[in-house]
Protein chains: 4
Amino acid sequence: MSRGNTRQRIQDVALELFAEQGYEKTSLREIAEQLGVTKAALYYHFKTKEDLVSSIFQDLAVGPVDELIAWAEENRPTTLETKLEILRRYSARLSQSASVFRFMHENQAALRELSIGDQMKSRIFSLLNLIKDSDAPLADQVRCASALFTMHSTLFVLEGAAGGPDEKRKAALEVAEELVTSAHHGGDA
Amino acid sequence: MSRGNTRQRIQDVALELFAEQGYEKTSLREIAEQLGVTKAALYYHFKTKEDLVSSIFQDLAVGPVDELIAWAEENRPTTLETKLEILRRYSARLSQSASVFRFMHENQAALRELSIGDQMKSRIFSLLNLIKDSDAPLADQVRCASALFTMHSTLFVLEGAAGGPDEKRKAALEVAEELVTSAHHGGDA
Amino acid sequence: MSRGNTRQRIQDVALELFAEQGYEKTSLREIAEQLGVTKAALYYHFKTKEDLVSSIFQDLAVGPVDELIAWAEENRPTTLETKLEILRRYSARLSQSASVFRFMHENQAALRELSIGDQMKSRIFSLLNLIKDSDAPLADQVRCASALFTMHSTLFVLEGAAGGPDEKRKAALEVAEELVTSAHHGGDA
Amino acid sequence: MSRGNTRQRIQDVALELFAEQGYEKTSLREIAEQLGVTKAALYYHFKTKEDLVSSIFQDLAVGPVDELIAWAEENRPTTLETKLEILRRYSARLSQSASVFRFMHENQAALRELSIGDQMKSRIFSLLNLIKDSDAPLADQVRCASALFTMHSTLFVLEGAAGGPDEKRKAALEVAEELVTSAHHGGDA
DNA sequence: CATGAATGAGGATTCATTCAT
DNA sequence: CATGAATGAATCCTCATTCAT
């Protein structure tokens, strides 16, 4: 039945548990139990716990974001329209891999000393630098950072408010576009 | 030698380590060692590790935010000017207790199952509800949430960018005010 | 209000908790808390935890049993009637200090390495030796031991059966008398 | 080196130490040390300390007694001869697993809050109910309880008296039979 | 591919006890 | 008489990891 897709199944279950309970609170025993295999089996597929979590990020977050960055770099110089397209594409990535990003957001302390933490951080900085202008007034830089964070946060905030996940995503994107546009104008004017 | 200020010293050192390394990665042994006391001494002052972290939040975050909420509730109905004043006061609180809020932000997964996690969450929701209008369009609600998150995030993002902490705080406040104002107008128009 | 009777109050509360939860499971903190005093206060009245439990036994078990043994030794040689009187008196002691004896019975392992354990053991052996005849057949010796244990056990067994505590005590005494009488006859015949 | 019998070896050493020192005074460290393994090895085989002690009881006490109860229930209605046979079989079980029963007897307080405590208690009650008649006079009920306790106690009392363990066992059985017979006649007459 | 068995390091917590005030 | 503050030693237990089979 399971033919070589074990690796994938481990990642799936692990992500689910990591997102639910946090990285540190989720033990390999738990993951193995939920899969119906032995802890040792996990070690056949992944060298360490860190290796497991890294592979998840690599596939679901680092890779996609790298593609986005590559695309943006091909489209230099970065016009406002390009910036807005970055936001749109990023928003799409975000909702595709919502649980990884949620996990990242809620476990920053735990991820900080994992190499993957730095990797993600540098990607997001790259993205931010594509959107904002380093010479712009501080407030404009905040606007751009805020644009990114707004899309992140909306993934798991506003539970109370009406609207399905996709409506919320669109609203967040709208606000983000507005913020970046405003920062861009700020630079222009 | 120590004159009744031990409790306070424990809280200080604990917060420092919690913020630096994360809640789960910081052991009571470490805190005790840094203080030059025994683990058991910590247990004389705090019933559990959770109790310790809770007391820190209570003093530095829950208390101050409660005061702010109380003030806001005395000034009903909430005009735009009141909302902006809430932002200003919140921004001040935030920078006074920056490390607690940073800690909170980076350890959401760990705090989730601590009672203090729920407490903080409910406070922030209260604040959000004072600022936003539940009947407003979704985008406006996102604007208000974003205003809060912007002030939070700016505490520990934009390391690269120029400007001292206070300038960043002011810039964040400016953006937050803008977002809330925009959401308010949105409701009006 | 409390004038020098603190010692007594400590003993009372301690016995209650020891009997309820066992010796090892009952901490001095617990005793102090229930009394509304500090652990350190207990140490003013009793040198150690062992000292506390010993004092309780001394007052409620060792002393009374010693009196009984003294009485029996004054009434040598030990006729059957004397033996039966020993049983009656012992039965009375037992129900007066039921909780100490129950505690003793259920915590033999814990008491074994406390000096008071040996003390109690030697008292009960003395009592047994007054009742049984060392030259008698083994079965008769068992009868006499059984007589004592019957009275002990009935203190906290037969919860299901009808009858108030005093009726049970009388029934136990009756059976005990029978056993000792039978052992005595056995020696005679 | 060790061939799958580790689990058994742990149980053996644990029982020995539990019986010698009591449940609470015996730490897992001690058990592990005596076996020449790590504490963690114990946890591979038994989920908790309670689980370890339970497994010992299950194998050596609960199981055998359950068989005895099952046998007795097949031989309803319970004649006097059946009752005596129960005593004989129980006596045999008792001396086969003497240390478990001794341990049980001396650690009642500790076992009380372990699920295995309740289990054993209910077994002994079942046994008692097979032997005694609930409508009989209280004294007869005491006789039957006493029969059981006599066999229990003789396992570790009467150290001073002459006779090997098997002679003591037989003497105890004799007295127990007598008590139950007497209680049975009491009901008849 | 995977398991069974084990380890070493470390976690939070509890306890009896002490002593200066 | 009693407390507040602290200690040292021990407790049970969990975890990531390893390795022979």
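These numbers come from the heavy atoms of this one structure, side chains and all, not from hydrogens, waters or symmetry mates.
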Q) What string of B, S and - do you get for nucleotides 16-21 of chain E, 5' to 3', when a contact is any protein heavy atom under 4.0 Å? A) BBBB--
Q. Does D:Thr6 make a side-chain N or O approach to OP1 or OP2 of E:dA6 shorter than 4.0 Å?
A. yes
Q: Grab the CD-C1' distance between B:Gln21 and E:dG11 for me, whole Å please.
A: 14 Å
Q. Between B:Asn5 (CG) and F:dA5 (P), how many Å, whole number?
A. 11 Å
Q: Just jot down the side-chain hydrogen bond (donor to acceptor under 3.5 Å, both in side chains) partners of A:Thr26, sequence neighbours excluded, or say none.
A: A:Gln21
Q. To the nearest Å, how far apart are B:Arg9 CZ and F:dA5 C1'?
A. 13 Å
Q. Taking both distances under 3.5 Å as the test for a Watson-Crick or G-U pair, what stems of at least three pairs does DNA chain F have?
A. E:2-21 with F:2-21
Q.
Rounding to an integer number of Å, can you tell me how far A:Lys25 NZ sits from E:dG11 P?
A. 14 Å
Q | Earlier contact from the 5' end, DNA chain F, for D:Glu30 and B:Val37 | A | B:Val37
Per-pair distances, 0.1 Å, donor-acceptor, side chain in residues 102-118 of chain C, under 3.5 Å, sequence neighbours excluded:
from, atom 1, to, atom 2, distance (Å)
C:Arg102, NE, C:Glu106, OE2, 3.4
C:Glu106, OE1, D:Arg112, NH2, 2.4
C:Asn107, OD1, C:Tyr23, N, 3.0
C:Asn107, ND2, C:Phe103, O, 2.9
C:Gln108, NE2, C:His105, O, 3.2
C:Arg112, NH1, D:Glu20, O, 2.7
C:Arg112, NH2, D:Glu106, OE1, 2.4

**Q.** Euclidean distance, atom CG of residue B:Leu42 to atom P of F:dG8 [Å, nearest integer]
**A.** 14 Å
Q) Would you say E:dA5 has OP1 or OP2 under 4.0 Å from some side-chain N or O of D:Tyr44? A) yes
Q: Please identify each residue that fulfils salt bridge (charged side-chain N to carboxylate O under 4.0 Å, His left out) with C:Glu16, with sequence neighbours left out.
A: none
**Q.** Distance, nearest 0.5 Å, that separates CZ of C:Arg7 from CG of C:Leu52
**A.** 8.5 Å
(Q) Under the salt bridge (Lys or Arg N to Asp or Glu O under 4.0 Å) definition, can you give me all pairs with a residue in residues 39-63 of chain D, not counting sequence neighbours? (A) none
(Q) Tell me the interatomic distance from C:Leu52, atom CG, to E:dC15, atom P, rounded to whole angstroms. (A) 15 Å
Q. Is it true that a side-chain atom of D:Ser97 and a backbone atom of D:Val100 form a donor plus acceptor pair closer than 3.5 Å?
A. no
**Q.** Spacing of B:Ile31 atom CD1 relative to E:dT13 atom C1', expressed in whole Å
**A.** 14 Å
Q. To the nearest 0.5 Å, what is the distance between CZ (A:Phe46) and CD1 (A:Ile56)?
A. 7.0 Å
**Q.** B:Phe46 CZ - E:dA12 P separation (whole Å)
**A.** 15 Å
Q: Grab the two heavy atoms, one from A:Ser122 and one from A:Gln119, that are nearest each other, plus how far apart they are.
A: OG-O, 3.1 Å
Q: Would you check if the side chain of D:Thr38 reaches a backbone N or O of D:Ala41 as a donor-acceptor pair within less than 3.5 Å?
A: no
Q) Does the side chain of D:His45 get closer than 4.0 angstrom to OP1 or OP2 of E:dG4 through an N or O atom? A) no
